[in-house]
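This structure is a prediction, so every number in the text was calculated from the model and none was measured. By convention in this document, chain letters (A, B, ...) are assigned in the order of the sequence lines, proteins followed by strands, and residues within each chain are numbered from 1.
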Protein chains: 2
Amino acid sequence: MATIKDVAARAGVALGTASRVLSGSSQTSADSRARVLAAAAELGYIANGPARSLRRARTDVLGLLVSDIRNPFFSELAHAAEQEARRHGYTVLLANANEDAEQADAYLKTFAAQRIDGLLFSPQGTVSPQVAATLASGLPVVFLNRTIEGVDAPLYGTDNAQGVQQVLAWLQRRGHRDVAFIGGPDGISTGAERRAAYLAGRRAHGISTDDRLLDAGDFLAGGAAEAMCRILDRGVTFTAVFGANGQTTLGAVRALRQRLGAEQAARIEVVSFDDLDWFEFASPPISAVRNDASSIGRLGVRGLVDLLAGREAPGQRVPTTFADRSVQGTA
Amino acid sequence: MATIKDVAARAGVALGTASRVLSGSSQTSADSRARVLAAAAELGYIANGPARSLRRARTDVLGLLVSDIRNPFFSELAHAAEQEARRHGYTVLLANANEDAEQADAYLKTFAAQRIDGLLFSPQGTVSPQVAATLASGLPVVFLNRTIEGVDAPLYGTDNAQGVQQVLAWLQRRGHRDVAFIGGPDGISTGAERRAAYLAGRRAHGISTDDRLLDAGDFLAGGAAEAMCRILDRGVTFTAVFGANGQTTLGAVRALRQRLGAEQAARIEVVSFDDLDWFEFASPPISAVRNDASSIGRLGVRGLVDLLAGREAPGQRVPTTFADRSVQGTA
DNA sequence: CTGTTAGCGCGTTCAA
DNA sequence: TTGAACGCGCTAACAG
């Protein structure tokens, strides 16, 4: 692979001149500029990133640590973040914690070794030693979607309170009184916020405050299905189910159909935080809070870029919209 | 951030000794080993990756370029690949071409700049100049799921012929004669292979050879919906639809329901290459070829690791299974 | 087994 | 504007 030395030799200039042309740092004569560029093109020169990083003490790489890349919310977020980062001249190193604090720690170490310039982080909720070390290191950090209590880093995430309000309003409009709520882990900020907003608002929207209708999973389909089963086992009746994220709703619907059969299950209306492709096909169709992953990813990157440029990054709550798919004439 | 020099000073040994202990290259005395390790722990030393890469002329980073990270098949594949790579001591740099050859080129350039050690590649089908340069550079490459005609690199992918056979057998068992087929781009190897297998096998399975029942999209929901509409517009009747990948099936179902309404659409059976979470909830449920993304990702990484170690990597077709969800008593 | 030293490729400083 | 020289942090080669 050609080095800058090869380029300089071919262009008949000194190494320094070639470097100046290629990294555009200072003025060069039109003549040497042209010759260096031509030589570089002929040789297919691509600067050696590690060498450049070593010298400049920055990598132009941002780390993105998400909790579960198979969750469509995060894969869309990752996609948007990547696009936005590229626009600002950064490469994204994507890591998937797989909802597992140990893996998150391992990746944070990898990020540190790679000397990323900044971190986009969707945390598990716990402050492990590695997380603490990362935060203490002075690395610019932005939280995406989830935050950690007491940590001073801007959060770019969904307006959970607003989303839950939309669900509550919908439940009331649909006349539901007995509603099963399947939340997420309380240690994850989105889980806690959505649960808190639901508990705070249910009475005012005419919804039963019977806590036997409440349970929580792990924000994955499996744990949510178990939670749904526990509620069913308690023998309280309900006419609607509210799943606190997309995977949770998936698990809940699965459990309902398995336990009650498709026909009985279809008598229960389902509403979800997070909108998924197939909700329109469910019977009955599932209404949902649209959680704008793209915007969160994009804004998060912009915030981090601001931080890196020494500017302020205040964080931001992204508004939700509600997709009402309830069928006319039923209630 | 602490350097190896700091560690050596603190441990009271020379730089080289610290390096030997920390990278475990050669034998060191138990004493210096203990002292270096202690010093490193106290300082929270993490080796500078770029510097190490520069010196060793390798990065221990693998590039993974997928065509669409928002496609669940690829997000699962990426997840599995990442896990497997980690087991072998590699970090994965994930890039998303977004089904766009230009973006793919941009990422290949980034990979080259980062000096990745090897590439896992799910190509668009076209050999752009950048793809050609990458292949010509001698970088070890493995294709995942898709290949490029005439390029000599091992492919780890689905056994498309087998999968299509399973669909054909199912269609025959269900007594379908008039089947609409929505394929993918012919330039993508999976699109071409699935289409070829379908065309080759349909007559033997008692399926109409009327080519008005054939169309193709872009392997995304939007293009597939358009293809479905074109078939509907031709006015030929059919009792089943076969979507050549998951997103295609999604688009097809959407189009059917929009054009025919949910009730009429429910009279048409749908079968898919790729299995998605929600197929069990569709009415009627959608049967599907299970496409083992995890295995493909895992095997691909192993193949690339073999290549990097100077061993052979023959490539492999991963067998499919079929999820028959057809409802008893109907046909 | 350990200390010393060269140099990976690059950007930047200092002189000219 | 340009050339020459230095050093980023690390590993490997060599000498002891």
Side-chain angles (χ1 to χ4, degrees), chain A residues 1-37 39-40 43-61 89 91 109-117 137, chain B residues 1-37 39-40 43-61 89 91 109-117 137:
Chain A
M1 185 137 261
T3 73
I4 199 169
K5 215 168 146 185
D6 302 326
V7 174
R10 184 168 188 115
V13 299
L15 201 115
T17 304
S19 170
R20 279 182 282 259
V21 170
L22 292 169
S23 55
S25 61
S26 94
Q27 293 299 332
T28 49
S29 71
D31 179 52
S32 31
R33 188 177 160 71
R35 295 169 57 190
V36 168
L37 258 25
L43 292 170
Y45 171 75
I46 297 182
N48 184 312
R52 164 176 281 177
S53 297
L54 177 58
R55 171 66 231 220
R56 302 202 309 171
R58 40 177 278 218
T59 51
D60 293 338
V61 172
T91 300
K109 220 173 257 176
T110 302
F111 282 166
Q114 298 283 344
R115 299 297 195 264
I116 58 169
D117 288 343
S137 74
Chain B
M1 184 137 264
T3 75
I4 199 169
K5 218 168 145 184
D6 301 327
V7 174
R10 183 166 187 117
V13 299
L15 199 88
T17 303
S19 170
R20 277 183 287 259
V21 170
L22 292 168
S23 55
S25 60
S26 97
Q27 293 298 334
T28 49
S29 72
D31 179 54
S32 31
R33 189 179 159 70
R35 294 168 58 188
V36 168
L37 258 25
L43 293 170
Y45 171 75
I46 296 181
N48 184 313
R52 165 177 281 180
S53 298
L54 177 58
R55 174 64 232 225
R56 303 204 312 174
R58 40 177 277 221
T59 51
D60 294 337
V61 172
T91 300
K109 220 172 257 176
T110 301
F111 283 165
Q114 297 284 344
R115 299 298 196 263
I116 58 169
D117 289 342
S137 74

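Distances were taken from every side-chain heavy atom of B:Leu15 (C-beta onward) to each of D:dC14, C:dT5, D:dT2; the shortest belongs to C:dT5. Ranking C:dT2, C:dC10, C:dG9 by closeness to the B:Leu54 side chain, first place goes to C:dG9. Here D:dA12 is the nucleotide among D:dA12, D:dG3, C:dG11 with the atom lying nearest to any side-chain atom of B:Arg56. Each of C:dC1, C:dG11, D:dC10 was ranked by its minimum atom distance to the side chain of B:Asn48; first place goes to D:dC10. Relative to the side chain of B:Ala14, the nucleotides C:dT12, C:dC10, C:dG3 differ in distance, and C:dG3 lies closest.
Both A:Asp31 and B:Tyr45 lie near DNA chain D, and the one whose nearest nucleotide falls closer to the 5' end is A:Asp31. The residue among A:Met1 and B:Gln27 whose nearest nucleotide of DNA chain C is located toward the 5' end is B:Gln27.
Between B:Ser19 and D:dT11 there is a side-chain N or O to OP1 or OP2 distance below 4.0 Å. Regarding contacts with the backbone of C:dT2, a side-chain N or O of B:Ser29 is found under 4.0 angstrom from either OP1 or OP2. The shortest distance between the side-chain N/O atoms of A:Thr17 and the OP1/OP2 oxygens of D:dG3 is below 4.0 Å.
Summarising the local packing, CZ of A:Arg33 is surrounded by 12 or fewer heavy atoms from other residues, nucleotides or ligands at distances under 6.0 Å.
Among the atoms of the strands shown, only primed sugar atoms or phosphate atoms (P, OP1, OP2) are found under 4.0 Å from some heavy atom of A:Ser32.
Checked by distance alone, A:Arg20 brings a side-chain donor or acceptor within 3.5 Å of a matching partner on the base of D:dG3.
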